[in-house]
Every structure is written in C-alpha cells, then in structure tokens.
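Data block below; observations after.
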Amino acid sequence: MAQGTLYIVSAPSGAGKSSLIQALLKTQPLYDTQVSISHTTRAMRPGEQHGEHYFFVSEAEFCDMIEKDDFLEHAQVFGNYYGTSRAAIEQVLKTGVDVFLDIDWQGAKQIREKMPDARSIFILPPSKEELGRRLRGRNQDSEEVIAKRMAQAVAEMTHFAEYDYLIVNDDFDLALLDLKTIIRAERLRLGRQKLKYDGLITKLLAD
C-alpha cells in the first residue's frame, strides 16, 4: 500500500486556512484524507470528545512525551501544551491516508526537519485590506487587537517562501480547487502510482 502524504498548511489569521481545510475534508472520504488530531493538556470543553477533537492528556503525560521525543512539534500557548504526535501521524500515513496539519510556520519548520517528505502549503490573502475586512467581519476583536493581528500576519507572511506550494485565497472556490489540484498531483507521483498499479504494470510489461 502506498504511504499517505502529510500536508502542512499555514496562513495568517483571516486568510481562510481552516475554512479551506474543512471544505476540502467534506469532499474527500475519510479513507483518503484526514485532519491531524493534536495532543493537549487543556481541559475538555462541552461537546468535545477525546480522540476526535484532541487527545486530552495530563501535563505529566505530555512532559513525558516530550522527554521521549514523541512529538513532531509542540508549543505552550496560554499555559496549556499542544503537540503533534509522530506515532499518531505515522500510523495514519501507513494506511495510505493523507493527513492535513493546520499549523504556524514555526511548527511547520520543526516538522519539515523531522519529516522531510511532508508537503507544505502556504495560503495568502489577496490584500491587506481584504485581510483586515475579514478580521473585522468576525466581530470578535477591538481595533487594537485587530492591529496586532495584522502586524503578526505580516510577520507570518514573510515565511511563505519556505513552503512547497502557494495559494492566494481571493476566490474561495478557486482556492479550494487549487488545494484539490495539489493533492491530486501528489497522488499521481510515480512512487504512489507504481505501488497502486503494481499488478497492472507487471501484466503490461510481461512478455
């Protein structure tokens, strides 16, 4: 069976990364594509389930995993730990399923060092004005917070050249098609196709 591909997807807040990934997953069967599930030490919220939204573990368990180098990447955010388990990712990839990982450029850098075969995608907004409009459209933050988010977005966007693919999310449907095209192209790579059609190739080349 062909190995699945790990896709790292990064973007500044407001570029539409999470919406694109969720829309993509709705068009792909679970036996083809899944989103990575992270480990976290934060408390489970109402409606969340262990193993579906996160793997909820204690801080002692998480620190033990750090000591064992079990994470592809990990970080502490607002007093809670979050991390991507190497074993969990590799287990899914071995079944031929592609895995999508929604992560920032720093986490992406850590993962590329440990899994060089991963493919990385950066998503850009069509303009700063549109990015600001999308952030304000959420009606969640003050102008001061939005200004900080915009400054952070610019800093994040400077890392776009570290990625394999670049998508500009101006038209959502077109950006989604671009994302699907990347997956399709990766699945047509010689290595995966050779494993998938091994029996056919053997017959075609037989005397």
Any Tyr7 side-chain heavy atom under 4.5 Å of Ile183 side chain: yes

Close side-chain approach of Asp32 to Arg187, heavy-atom, < 4.5 Å: yes

Salt bridge Glu129-Arg133, side-chain N to carboxylate O under 4.0 Å: no

Same cluster (ILVMFWY, side-chain, under 4.5 Å), Leu101 and Leu20: no

Worked check of side-chain contact (heavy atoms from CB on, under 4.5 Å) between Gln193 and Leu188: CA-CA 6 Å; Gln193 290 290 79; Leu188 291 173; 3.4 Å; yes

Salt bridge (Lys or Arg N to Asp or Glu O under 4.0 Å): pairs with one or both residues in residues 152-168, sequence neighbours excluded: Arg112-Glu162

Common cluster, Val9/Leu72, ILVMFWY with side-chain heavy-atom separation under 4.5 Å: no

Interatomic spacing from CZ in Arg136 to OG in Ser142 - rounded to 0.5 Å: 10.5 Å

Gap separating the NZ atom of Lys203 from the CG atom of Leu200, nearest 0.5 angstrom: 8.0 Å

CD/Gln76: more than 12 non-hydrogen atoms of other groups inside 6.0 Å: yes

With Ser13 via side-chain hydrogen bond (donor to acceptor under 3.5 Å, both in side chains) - residues at least two apart: Arg138

Lys114: side-chain hydrogen bond (donor to acceptor under 3.5 Å, both in side chains) partners, not counting sequence neighbours: Asp69

Transitive ILVMFWY side-chain link Val77 to Phe62, under 4.5 Å: no

Cluster check Phe71, Leu93: I/L/V/M/F/W/Y, side chain < 4.5 angstrom: no

Pairing residues for Lys68 by the salt bridge (charged side-chain N to carboxylate O under 4.0 Å, His left out) criterion, not counting sequence neighbours: Asp64

Min side-chain heavy-atom separation Leu25-Val35 under 4.5 Å: yes

Inter- and intrachain pairs under ring-ring contact (aromatic ring centres under 6.0 Å, His included), touching residues 123-161, at least two apart: Trp105-His159

Nearest heavy atoms of Ile201 and Lys194, plus distance in Å: CD1-CA, 4.0 Å

Distance (rounded to the nearest 0.5 Å) between Ile8 CD1 and Ile111 CD1: 5.0 Å

Listed partners of Arg192 passing side-chain hydrogen bond (donor to acceptor under 3.5 Å, both in side chains), at least two apart: Thr5, Asp98

Criterion side-chain contact (heavy atoms from CB on, under 4.5 Å) on Leu124 and Met157, from CA distance to verdict: CA-CA 7 Å; Leu124 288 173; Met157 289 188 290; 3.6 Å; yes

Side-chain touch Ile182/Ile121, heavy atoms, less than 4.5 angstrom: yes

Co-membership, hydrophobic cluster, residues Ile167 and Leu24, 4.5 Å side-chain: yes

What pairs of donor and acceptor atoms, side-chain ones from residues 78-89 against any protein atom, are under 3.5 angstrom apart with sequence neighbours left out?
unit_1: Thr84; atom_1: OG1; unit_2: Glu73; atom_2: OE2; d: 2.6
unit_1: Ser85; atom_1: OG; unit_2: Ala87; atom_2: N; d: 3.3
unit_1: Ser85; atom_1: OG; unit_2: Ala88; atom_2: N; d: 3.1

Sequence-distant partners of Glu144, side-chain hydrogen bond (donor to acceptor under 3.5 Å, both in side chains), two or more places apart: none

Pairs meeting criterion salt bridge (Lys or Arg N to Asp or Glu O under 4.0 Å) with involvement of residues 48-61, two or more places apart: Arg42-Glu48

Note, His53 side chain near Met44 side chain (heavy atom, < 4.5 Å): no

Candidates Ser38, Ser10, Ser18, Ser36 - the one meeting side-chain hydrogen bond (donor to acceptor under 3.5 Å, both in side chains) with Asp102: Ser18

Distance-only donor-acceptor hits, side chain of residues 169-180, under 3.5 Å, sequence neighbours excluded:
unit_1: Asn169; atom_1: ND2; unit_2: Ala15; atom_2: O; d: 2.8
unit_1: Asp171; atom_1: OD1; unit_2: Asp173; atom_2: N; d: 3.0
unit_1: Asp171; atom_1: OD1; unit_2: Leu174; atom_2: N; d: 2.9

Stepwise side-chain contact (heavy atoms from CB on, under 4.5 Å) check, Leu6 with Arg119: CA-CA 6 Å; Leu6 174 61; Arg119 294 289 178 265; over 6 Å; no

Step-by-step side-chain contact (heavy atoms from CB on, under 4.5 Å) determination, Phe56 to Gln49: CA-CA 9 Å; Phe56 295 95; Gln49 293 186 4; over 6 Å; no

Arg134/Glu130 under salt bridge (charged side-chain N to carboxylate O under 4.0 Å, His left out): CA gap, chis, key distance, verdict: CA-CA 6 Å; Arg134 292 176 185 176; Glu130 174 61 17; 2.9 Å; yes

Contact summary for Lys128 and Met150, nearest pair of heavy atoms: O-CE, 3.4 Å

Test item: Thr95 side-chain N/O and Val92 main-chain N/O as donor-acceptor pair under 3.5 Å: yes

Pair listing, ring-ring contact (aromatic ring centres under 6.0 Å, His included) test, anchored in residues 108-155, at least two apart: Phe122-Tyr163

Which residues share a ring pair (Phe, Tyr, Trp, His ring centres under 6.0 Å) with His50, sequence neighbours left out: Phe55

